[in-house]
2 protein chains.
Amino acid sequence: MKSGKKSAGTKTAKGEQTKALILSTALELLQERGYEATTMRAIAAKAGVSLGNAYHYFSSKDQLIQAFYHRTHSDHVRVSLTALQKESSLKARLLSVIRLKIDTLEPYHEFAGVLFQTAADPHSPLNPFALDSAPVRRESIKLFEDLVAETKARIPSDLRAELPYLLWLYHMGIILFWIHDSSPKQARTYRLIDQTVDLLDKLISLASNPFMRPVRKRALKLVAELKNFETAV
Amino acid sequence: MKSGKKSAGTKTAKGEQTKALILSTALELLQERGYEATTMRAIAAKAGVSLGNAYHYFSSKDQLIQAFYHRTHSDHVRVSLTALQKESSLKARLLSVIRLKIDTLEPYHEFAGVLFQTAADPHSPLNPFALDSAPVRRESIKLFEDLVAETKARIPSDLRAELPYLLWLYHMGIILFWIHDSSPKQARTYRLIDQTVDLLDKLISLASNPFMRPVRKRALKLVAELKNFETAV
DNA sequence: GTCTATAACCGGATAGAC
DNA sequence: GTCTATCCGGTTATAGAC
């Protein structure tokens, strides 16, 4: 997955319609056949447009995948925000959000691998070491900010500040595991989530302990540096 | 990067030669021009063989990249083993090995991204959640076993058992960072290495403390499970 | 049976006419 | 905004040479 150029702006209502048609067709095919078998030609044909026209709206196959990612991301944020209203403890909140993420992605397990190969690409919006510039990623981390903000757990402010990013990173790790998980209904991933959330909760308490302060300070300084990494080339 | 079929065995001396020629030509071109610009046709042309012949020895462009990875990996193991003879503390040993890894990869920074996009592919030998089956990966972890084995730091045996895998995972993370690092001479990566090794050393001591036993036990059980994950599809 | 070559296929991407 | 024609490069089929 390469960094994407912008897709053509849709200036007219008709264009908007065509674009939406192409995207939904692509999603259907991706779900049915997986990534490789879903050729741009097949998408165009099924959507009843020419190949060239498909490229007019999505400048690459990647753009289509990005668009897919946006969609699942929005879905996830929406259901998560609802769920968060029902939970107050950090642990319960985190558990909900992560489980919902996997629930959201579930229909696309077959081809999700391709999506996250992206994380290794310096230009990807999922790049874990990039500045906050990519909107998807910023939004994605924002969810974890909300998650942390409204919990009343006693967490030192230095840790609290970095926790959203750390949890986002953790969630990326879970997704990576899930991609590889071929157990029935991805049961292993859900088990892993239960166990890791439990552990994380304990580790956060531990790290909040005053006598951990020096190590914590040092670790957090590192994390901040990691994050504010200049990726511009 | 897809999982690779086996390349044709080289049965004759001449074949061996041709194969080596193609590989070294590919490496040159990759270093000169990067991944995309190094087409199979260009490799074949520069090596003075036909396209079909190149494919006889490397059944895909991927295979070529894998072969490259093997080569840098062997280089790294070799220099690391030498370096390890000079260091006894865990911290110094780890620092050497990780720095040398980046040194080894340095000439290929330009196109390394492609290489590690692979890690997200369930069939990749770099897959962090696969069984130990892939030889490259097993060997790769073996280096960290050697690293840990001959250090006399007081580490509880449960942690000691998982430490090689954990350090390998850490080293993969460093590589991921390095791929994204466009600072001059990748200075940021080297700084990150210094800082993280320092921190890891402290964390290992901390985790070795008897009062950490419950958390440690729990975390290690998780790690073992993570690792012995059945990837077969 | 191992090598080597040529020709073709396929799918992502682009150019340019309408 | 839409199309057709074309490029380009990974990959495959296949046939002849050692």
Side-chain angles (χ1 to χ4, degrees), chain A residues 1-23 25-26 29-30 33-68 111 114-115 117-118 121 123, chain B residues 1-23 25-26 29-30 32-68 111 114-115 117-118 121:
Chain A
M1 189 126 84
K2 290 296 137 40
S3 71
K5 298 150 199 165
K6 278 198 235 27
S7 65
T10 48
K11 294 295 153 67
T12 71
K14 183 162 179 219
E16 201 102 6
Q17 233 179 345
T18 309
K19 184 170 181 177
L21 173 64
I22 293 169
L23 179 56
T25 307
L29 286 180
L30 282 168
R33 313 183 182 176
Y35 181 80
E36 305 263 292
T38 303
T39 66
M40 289 298 284
R41 282 167 173 84
I43 296 167
K46 180 156 183 190
V49 300
S50 74
L51 179 61
N53 201 12
Y55 272 98
H56 177 71
Y57 291 104
F58 298 92
S59 56
S60 70
K61 197 174 174 177
D62 254 51
Q63 289 289 313
L64 233 20
I65 303 293
Q66 294 276 130
F68 150 79
F111 82 100
V114 189
L115 227 181
Q117 283 185 20
T118 223
D121 181 339
H123 302 291
Chain B
M1 191 126 85
K2 291 296 135 42
S3 71
K5 297 150 198 162
K6 276 199 244 6
S7 64
T10 49
K11 294 295 151 68
T12 70
K14 180 151 179 232
E16 201 102 5
Q17 233 179 345
T18 309
K19 184 170 181 178
L21 172 65
I22 293 169
L23 178 57
T25 307
L29 286 180
L30 283 168
E32 271 172 36
R33 313 183 182 176
Y35 182 79
E36 304 262 291
T38 304
T39 67
M40 289 298 283
R41 284 168 174 83
I43 296 167
K46 179 156 183 188
V49 300
S50 73
L51 179 61
N53 201 12
Y55 271 97
H56 177 71
Y57 292 104
F58 298 92
S59 56
S60 69
K61 198 174 174 179
D62 253 51
Q63 289 289 312
L64 234 20
I65 303 294
Q66 294 277 131
F68 151 80
F111 83 100
V114 188
L115 227 181
Q117 284 186 20
T118 223
D121 181 339

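The basis for the numbers below is simple: all heavy atoms, side chains too, and nothing from hydrogens, waters or symmetry mates.
Side-chain contact between B:Tyr35 and B:Ile65: present, with at least one pair of heavy atoms (C-beta onward) separated by less than 4.5 Å. The shortest side-chain heavy-atom distance between A:Asn53 and A:Thr18 falls under the 4.5 Å cut-off.
With rounding to whole Å, B:Tyr55 atom OH is found 8 Å from D:dG9 atom C1'. Atoms CD1 (B:Ile65) and P (D:dG10) sit 11 Å apart, rounded to a whole Å. In this structure, A:Phe58 places its CZ atom 16 Å from P of C:dT14, rounding to the nearest Å. Computed from coordinates, the B:Arg33 CZ to D:dC8 P distance equals 15 Å when rounded to whole Å. Spacing between atom CE of B:Met40 and atom P of C:dC10 amounts to 20 Å, rounded to whole angstrom units. In this entry the distance linking CD of A:Glu36 with C1' of D:dT11 reads 12 Å, nearest Å. D:dG9 atom C1' lies 15 Å from atom CG of B:Leu29, rounded to whole Å. Atom C1' of nucleotide C:dT4 and atom NZ of B:Lys11 are separated by 17 Å, given to the nearest angstrom.
A donor-acceptor contact shorter than 3.5 Å is absent between the side chain of A:Thr25 and the backbone of A:Ile43. Using modelled atom types, no side-chain atom of A:Lys19 and backbone atom of A:Phe58 make a donor-acceptor pair closer than 3.5 Å.
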Produce the list of close N/O pairs, under 3.5 Å, pairing protein atoms with atoms of nucleotides 3-6 of chain D; give distances to one decimal.
residue : atom : partner : partner atom : Å
D:dC3   : OP2  : A:Ser50 : N            : 2.6
D:dC3   : OP2  : A:Ser50 : OG           : 3.0
D:dC3   : OP2  : A:Asn53 : ND2          : 3.3

I'd like a table of atom pairs between the protein and nucleotides 16-18 of chain C - only N or O on both sides, under 3.5 Å - with the distance next to each one.
none

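Residues passing the side-chain hydrogen bond (donor to acceptor under 3.5 Å, both in side chains) test with B:Lys46, sequence neighbours excluded: B:Glu28. Taking A:Phe68 as the reference, A:Tyr108, A:Phe111 meet the ring-ring contact (aromatic ring centres under 6.0 Å, His included) condition, with sequence neighbours excluded. Qualifying side-chain hydrogen bond (donor to acceptor under 3.5 Å, both in side chains) partners for B:Glu16, counting only residues two or more places apart in sequence or in other chains: B:Thr10. For A:Arg41, the side chain to side chain contact (heavy atoms under 4.5 Å, CB included) partners are A:Thr39, A:Leu51, not counting sequence neighbours.
For A:Lys61, whose side chain is taken as the heavy atoms from C-beta onward, the closest listed nucleotide among D:dT11, D:dT2, C:dG12 is C:dG12. In this structure, of D:dT2, D:dT11, C:dT4, it is D:dT2 that holds the atom nearest to the side chain of A:Thr18.
Looking at which nucleotide of DNA chain D each of B:Thr39 and B:Lys14 is closest to, the 5′-most match is held by B:Thr39.
With A:Tyr55 as the aromatic partner, A:Lys61 does not meet the cation-pi criteria of under 6.0 angstrom to the ring centre and within 45 degrees of the ring axis.
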